[in-house]
There are 2 protein chains.
Amino acid sequence: MGNKKKSTIKDIANVLGITPSAVSKALNNNPRISEKTKIAVQQVAKNLNYQPNHLASALRKGKSNLVGVIIPRANSNFFSSVVEKMEEVLNSHGYNVIMTQSNESYEKECRNIDALLYTQVDGVIASMANETVELEYYQKIKSKGIPLILFDRGENDLEVDYVGIDDYMTSQMVVKHLVEQGCKRIAHIAGFQHSRIYKNRIRGYKDALVEFDLPISKDLIIESNLGIDDGRRSMKKLLELPIRPDAIYAAGDWAALGALQVLKEVGIKVPEEMALVGFSNEPFTSFVSPPISTINQHNSEIGRITAETFLDRMENPSKEVTLNKIILEAELIIRQSSKNK
Amino acid sequence: MGNKKKSTIKDIANVLGITPSAVSKALNNNPRISEKTKIAVQQVAKNLNYQPNHLASALRKGKSNLVGVIIPRANSNFFSSVVEKMEEVLNSHGYNVIMTQSNESYEKECRNIDALLYTQVDGVIASMANETVELEYYQKIKSKGIPLILFDRGENDLEVDYVGIDDYMTSQMVVKHLVEQGCKRIAHIAGFQHSRIYKNRIRGYKDALVEFDLPISKDLIIESNLGIDDGRRSMKKLLELPIRPDAIYAAGDWAALGALQVLKEVGIKVPEEMALVGFSNEPFTSFVSPPISTINQHNSEIGRITAETFLDRMENPSKEVTLNKIILEAELIIRQSSKNK
DNA sequence: TAGATTTGCTCCATCGATTGAACAAAACTA
DNA sequence: TAGTTTTGTTCAATCGATGGAGCAAATCTA
């Protein structure tokens, strides 16, 4: 019953009068161990409530079966559902996931990386914090010789596997949609340029404007962290312009929500006077009023493919590590906030 | 530069012509090692880019400095902010956190427990899945002799430390508030009875009704998982009653949101015709319209105290493990959804 | 039935770090 | 200067699991 002390293969060996190595081999289903012994070992293991010591086998094998995952925030539908799927895939291949949050802080991210390396993870899957510009710590992971896979927020310079959507194309799609709704003066509440994905969204936005013969105005692009307050501030700034925009494309749903709040407060009708599109398909976008048009990034797909890319690296360690981008298609979900009948 | 192979204390020892054990002692600041040697070791360690192998020291010391955390969902403001604070406290004491999600599934929870035990965590901090009734797996943690701390969703029968709010009192506070707004027929969209916290919320609700001389009706209490769809379904059921309620107290914000959606769809005015109160202070409650009254559980406090309780257990392993409830006070945030001028 | 092969296990070194015991050299004491 | 203490290090065992080499017994082959 209350057998508190943990048992080892040695204990099992003692009970059966065989050696620990025989027990180890039996547990690992080694063909050179007789069926009889294997069954006996299983039985005794169960009786003694034996649990293998992962530290010992990991040390011996030089493999911990742990995967470190770094995300900016767990409290985001996108990241939590990506991680959920990743866990599912990795677990089914014998890996356990250690999930850490950077809270968008570069410093926290560095500490997380150190903690993961210290824990001897077999690899790292990460989405970079908004703040992150220096890549030194990520280089540290690479120099350890363990796989590093980035998703969503990546960086070309690291030259590693990357899984994400085509931000450039997706942005163009958003602008095209807004133009089709009759919008002529489209503002962009953007993420910070230094982050690859936000830079691409800005590029896509600008290039689409050019394509539709609309003027690009610096005043209509405001960079921020894309939080709800950032969205509010940006919206207020846009409303102070001499000619105000007739559409807002926010590079994040929370910023879109902040913008929507301000619009409601000042009595500007959405979508009649101002169309609005967000990004990420956070659940709340569907139940605020009006529901916000947004981008579905196929979260589970990103999670699945990222995990599979990691597994592939583990299985082919000799494969040369280079920039390897896997780009998925995103989907525009049109809701009331950008519908002009 | 690209020295990919990781160095060990043996490598350091070779460079300096001393033994690995001297290096180990130097790195651990053993008083019997000369200052000169310590400095030399530090220097060489840096040059060789030495990183201690956690697996080896954890195996030897019988302590991994890892804490397993199990939460129902990461995509919840409550849980993610609790975990964030826990991480902060535990990190500052040399522990790393392995965070896993049960997704409210008992089976996933069991697998998570196994994975954590396998990883040789020094302790487990958990909030139980809604589905969980069997305590066998949690007993398994206890029987390992490592600390188990529960927060928010706990279970008396496990007889371990628990950190949470006083659900009974809080529920009474909600009902009192609704009565003060003039409500006479208060429905409760409840969580499942088998979960201690939801049972207490139901008890508090009922006892408060009695206190205010209001009738308790079975029809007005609907148990569910408290998701958004559960809230919708429950609300629809309540609207089918011969006499419909004039207030809804939902034991979770998502259920409250679902209820609100239905009310808006059928054109019932909130709060004029029906008051609404949720639970947990999820961010969206403040920005839907009307903003939903809810309960602030002081997330960071719960995280901090839970972590400290864990640390206390680690420092005093001999302390007898019994039911030890630490109860924090919650706060009712009154917003428009339950304000009757 | 001698010789070759297979089977089933034991033996032992190993993963990297830790730690108490042991021990030589240096420093101190009387 | 002999004896004691302190200092700085080495030695050896250990944490638990693993796996290749080795070896005796069982089984197969001709």
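Labels below follow one simple rule: chain letters A, B, ... track the order of the sequence lines, proteins then strands, and each chain is numbered from 1. Atom set for the values below is all heavy atoms of this structure, side chains included, hydrogens, waters and symmetry mates excluded.
- Where A:P20 and A:R32 meet DNA chain D, the nucleotide closest to each residue was compared, and A:P20 sits on the side nearer the 5' end.
- Contact annotation for B:S24: base contact, defined as any heavy-atom pair under 4.0 Å involving a base atom.
- Note on the helix from C:dT1-D:dA30 to C:dA30-D:dT1: terminal axis deviation equals 40°, with five pairs used at each end and the result rounded to 10°.
- At least one side-chain nitrogen or oxygen of B:N28 sits closer than 4.0 Å to the OP1 or OP2 atom of C:dT18.
- Taking the ring axis of A:Y106 as reference, the NZ or CZ atom of A:R111 does not stay both within 45° of it and closer than 6.0 Å to the ring centre.
- For D:dT10, one of the phosphate oxygens OP1 or OP2 lies less than 4.0 angstrom from a side-chain nitrogen or oxygen of B:T19.
- At a cut-off of 3.5 angstrom, counting only N and O atoms as typed in the model, there is no donor on one side facing an acceptor on the other between the side-chain of B:K61 and the base of D:dT14.
- Put simply, the side chain of A:K25 and the base of D:dG20 share a donor and an acceptor less than 3.5 Å apart.
- Looking at B:D11, its side chain does come within 3.5 Å of a backbone N or O of B:T8 through a donor-acceptor pair.
- Among the protein residues, B:I18 comes within range of the sugar-phosphate backbone only, with heavy atoms under 4.0 Å from sugar or phosphate atoms but none that close to a base.
- At the phosphate of D:dA17, OP1 or OP2 sits under 4.0 Å from a side-chain N or O atom of A:Y50.
- At least one test fails for A:R73 against the ring of A:F78: distance under 6.0 Å to the centre or angle within 45° of the axis.
- The backbone N or O of B:D312 lies less than 3.5 Å from a partner atom in the side chain of B:N316, making a donor-acceptor pair.
- Below 30°, between 30° and 60°, or above 60°: for A:Y118 and B:H54 the angle between ring planes is between 30° and 60°, a tilted geometry.
- Judged by distance alone, the side chains of A:K6 and A:N53 never bring a donor and an acceptor atom under 3.5 Å apart.
- Contacts of A:S21 with the nucleic acid, taken as non-hydrogen atoms under 4.0 Å apart, include base atoms.
- Residue contacts for B:N30: at a heavy-atom cut-off of 4.0 Å it reaches no nucleic acid atom on any strand shown.
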